[in-house]
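These notes concern the structure reproduced below.
Because only heavy atoms are used, hydrogens play no part in the values below, and waters and symmetry mates are left out as well, while side chains stay in. A, B, ... follow the sequence lines: proteins, then strands. Residue 1 opens every chain.
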2 protein chains.
Amino acid sequence: MAETKPQTIYDIARLAEASPSTVSAALNGNWKKRRIARATVERIQRIASEHGYSANQQARALRTAKSGLVGMILPQHDNRFFSSVGQCFSNEARARGGLPAIVSTRRERDQEVEAVRQLISYSVDALMLVGTTHPEELSAICRAENVPHVFVDQPCQGAPSVVTDNRGGARALAEILLQAAPDAGEADTVFLGGNADLPATSLRILGYQDALRSAGRQGRVIACGYRRAPTRDALTREYERRGRLPEVLLVNSIGCLEGVLEFLVTLPLDEVDQCQLGSFDFDPFGRLLRHPIPMVRQRADELIRVAYDHLDGGTWSRDSFDPIIVAPELILPDDDHFTRVNQPALPVG
Amino acid sequence: MAETKPQTIYDIARLAEASPSTVSAALNGNWKKRRIARATVERIQRIASEHGYSANQQARALRTAKSGLVGMILPQHDNRFFSSVGQCFSNEARARGGLPAIVSTRRERDQEVEAVRQLISYSVDALMLVGTTHPEELSAICRAENVPHVFVDQPCQGAPSVVTDNRGGARALAEILLQAAPDAGEADTVFLGGNADLPATSLRILGYQDALRSAGRQGRVIACGYRRAPTRDALTREYERRGRLPEVLLVNSIGCLEGVLEFLVTLPLDEVDQCQLGSFDFDPFGRLLRHPIPMVRQRADELIRVAYDHLDGGTWSRDSFDPIIVAPELILPDDDHFTRVNQPALPVG
DNA sequence: CGATTCTGCGCAATCGATGGTGCAGAATTG
DNA sequence: CAATTCTGCACCATCGATTGCGCAGAATCG
């Protein structure tokens with residue numbers, strides 16, 4: 001027990017009076033092919049477990065070119081959606097005996113490239129690339145090194161991708177809001193937040209427009225980025241210019257929602273009450289507002305599950321690389337599983 | 001460019017007309033000791049970078065017993081505090097050229113033990129253990145394998161730990177709330193949430209009591225666990241029993257705060273207005289409530305920075321293992337910037 | 001000019017696990 | 001009983017990078 005230091009296959013071999021190759025075969029399951037006697041196998045396994053032996057993964061990886069490491073590139077950990085993605089990835093990776101290595105790269109190209117290179121230098125068995133800004137470049141690196149990979153949340157030309165149904169989700173959310181404000185005109189119907197150059201936002205805008213069109217109505221788009229403060233300021237300017245809030249306000253992304261609420265709390269309650277608010281992205285606090293708001297929640301679990309199946313199903317080397325689409329959840333205030341008493345009073349507003 | 005497949009030190013050696021050992025020396029900086037001519041070094045480096053060579057980390061790790069991997073055990077990714085810890089860890093690890101491997105273990109003993117073993121089998125250079133439930137057991141494993149490690153957010157006997165000043169933070173928060181409700185009696189002064197058996201909660205309770213004592217007042221504690229629904233129910237029962245809300249309510253942890261708000265939104269506004277609410281743990285939505293509430297934010301960045309310094313400063317093998325205490329921030333509703341709690345570090349235990 | 005000291009670099013062993021190959025001895029067959 | 005087939009296992013090369021050691025040839029010294 002004191003000399004637990006040198007725990008190699010050779011130590012076990014000596015203790016079990018067998019050769020290293022026999023020990024190796026006994027411990028990794030292919031002793032059948034190598035015709036090792038069952039008694040020998042059991043003796044070796046017993047000794048190995050008594051001594052808490054576990055194989056040096058570096059050596060194994062060097063020999064077999066399979067490391068057991070699975071890499072993920074993520075914009076950031078500290079974000080509700082991405083942290084949830086990280087959680088699901090960690091679960092899946094470990095369920096399959098792998099070791100997750102998650103690297104956050106802040107949506108910066110250089111960091112993304114460096115992280116991919118670093119992960120590859122560790123011989124990762126596969127790579128999952130979430131919300132990256134330069135998918136094609138990263139995919140080229142992976143392809144050159146022959147590393148299986150899949151993109152999540154952001155599609156990539158010529159590589160497998162799994163993304164949320166941004167368009168469908170936005171459309172469903174917009175329909176809810178439009179129904180609640182049947183008389184809102186174009187000027188009073190607003191999609192707020194996000195970056196229209198990125199696929200996610202542009203698809204959500206399309207979904208919003210789908211809903212408008214099928215209701216025979218019109219609306220506006222203010223794509224002011226993903227950050228809190230600029231969104232707050234954009235809404236403030238809008239309010240000051242028109243003297244009132246929009247009647248329909250579809251907020252794109254959780255950071256933007258915070259910005260919107262920051263402004264709304266400065267207004268009289270009855271003005272806020274006139275505004276049909278919805279959010280594409282989920283935060284539990286959304287249910288705690290004066291009027292709980294409808295939210296679209298991306299299904300991190302499904303995204304990762306599908307992406308992973310894709311990797312070890314080998315589907316990743318198909319002919320066509322059309323993105324796989326995962327439907328998000330629409331979370332409505334009234335299918336809340338907690339029954340609310342009386343008319344809601346409000347922490348917010 | 002097409003044949004980027006076999007990128008080993010031998011390939012580079014052939015291209016540079018040198019031997020593998022020379023290439024190795026040239027690329028990892030110790031060519032000075034090995035008396036390699038500067039011209040040779042430059043030729044090798046040029047060729048290596050032209051071909052995008054980077055060393056196989058498994059092979060290097062096998063030889064040197066240093067992997068560059070740094071492991072972290074975390075209860076979960078999808079939590080504001082822990083995801084922030086993960087983010088800081090990832091930043092620090094990569095700044096030092098390491099590869100972060102973060103494993104979430106759901107506060108379950110078996111998962112914690114297995115994860116530590118798994119990480120060790122990858123020859124991690126160091127291990128950071130955050131919010132674990134069985135620190136002593138994990139520390140014993142690390143010690144047996146001679147792996148440097150440090151605990152964060154949860155102290156461990158006989159191992160280095162870095163923790164938030166829970167007592168000081170809770171005291172500062174309680175003082176704010178008590179001042180705002182100078183006449184609240186014992187029955188109307190409540191600390192709600194958490195698990196009194198765990199060090200974090202019990203220290204926060206002590207801090208709350210410190211504040212009470214120095215104000216010559218009394219209060220109660222309801223430690224109903226860390227989860228949302230039980231907290232909501234506990235507050236509901238309290239309200240029904242006494243016919244009103246407490247005048248001072250210090251909520252312990254972010255999940256509990258959600259539970260509290262879930263109940264508060266069912267009450268008339270004026271009742272809610274009577275209650276001085278504060279939260280130990282930060283959520284940006286806390287600033288967006290009808291009355292923005294004071295919150296204590298643990299400084300994930302500091303915790304990790306100190307823990308990391310500890311690891312590579314070698315401080316981790318000192319004589320005494322008193323936890324290192326990091327002061328949290330007190331975030332007040334009326335501040336735009338954050339106030340630092342400046343309490344003397346109190347002994348943990 | 002022979003002896004010593006540098007310079008510059010290559011040889012080969014090593015880290016630990018794996019798997020192709022082959023060799024004894026036992027069991028079976030003709 | 002000799003020939004063949006099976007069993008059970010050990011030997012050894014290998015993965016790629018590192019490093020102790022040592023060997024040529026050039027430079028310097030006496």
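Counting non-hydrogen atoms under 4.0 angstrom, A:Arg35 reaches a base of the nucleic acid.
Counting distance only, with no hydrogens placed and no angle test, the side-chain atoms of B:Ser21 and the base atoms of C:dC9 include no donor-acceptor pair under 3.5 Å. Residue-to-nucleotide contacts include no donor-acceptor pair under 3.5 Å from the side chain of A:Arg38 to the base of D:dG8. Interface remark: the B:Arg63 side chain does form a donor-acceptor pair with the C:dT14 base, using a distance-only criterion of under 3.5 Å.
Rounded to whole Å, atom C1' of C:dC6 lies 14 Å from atom CD1 of B:Ile36. Remark: C1' of D:dG16 and OH of A:Tyr122 are 15 Å apart, rounded to the nearest angstrom. Distance CZ (B:Arg43) to C1' (C:dC9): 11 Å, rounded to an integer number of Å. In this structure, the CD atom of B:Glu17 is 15 Å from the C1' atom of C:dG10, given to the nearest Å. Atoms NZ (B:Lys33) and P (C:dT7) sit 16 Å apart, rounded to a whole Å.
Screening A:Val152, A:Val116, A:Thr105 against A:Leu129 for a side chain to side chain contact (heavy atoms under 4.5 Å, CB included) leaves a single residue, A:Val116.
Between A:Thr22 and D:dC9 there is no side-chain N or O to OP1 or OP2 distance below 4.0 Å. Using a 4.0 Å cut-off, some side-chain N or O of B:Asn28 falls inside it from OP1 or OP2 of D:dT18.
One finds a salt bridge joining B:Glu50 and B:Arg46 here, because a Lys/Arg side-chain nitrogen approaches an Asp/Glu carboxylate oxygen to under 4.0 Å. Residues A:Arg305 and A:Glu302 are paired through a salt bridge, judged by an N-O separation under 4.0 Å between the basic side chain and the carboxylate.
For the pair A:Arg60 and B:Ala18, nearest-nucleotide mapping onto DNA chain C gives the more 5' position to B:Ala18. A residue-by-residue look at B:Val41 and A:Ser54 shows that B:Val41 has its nearest nucleotide of DNA chain C further toward the 5' end.
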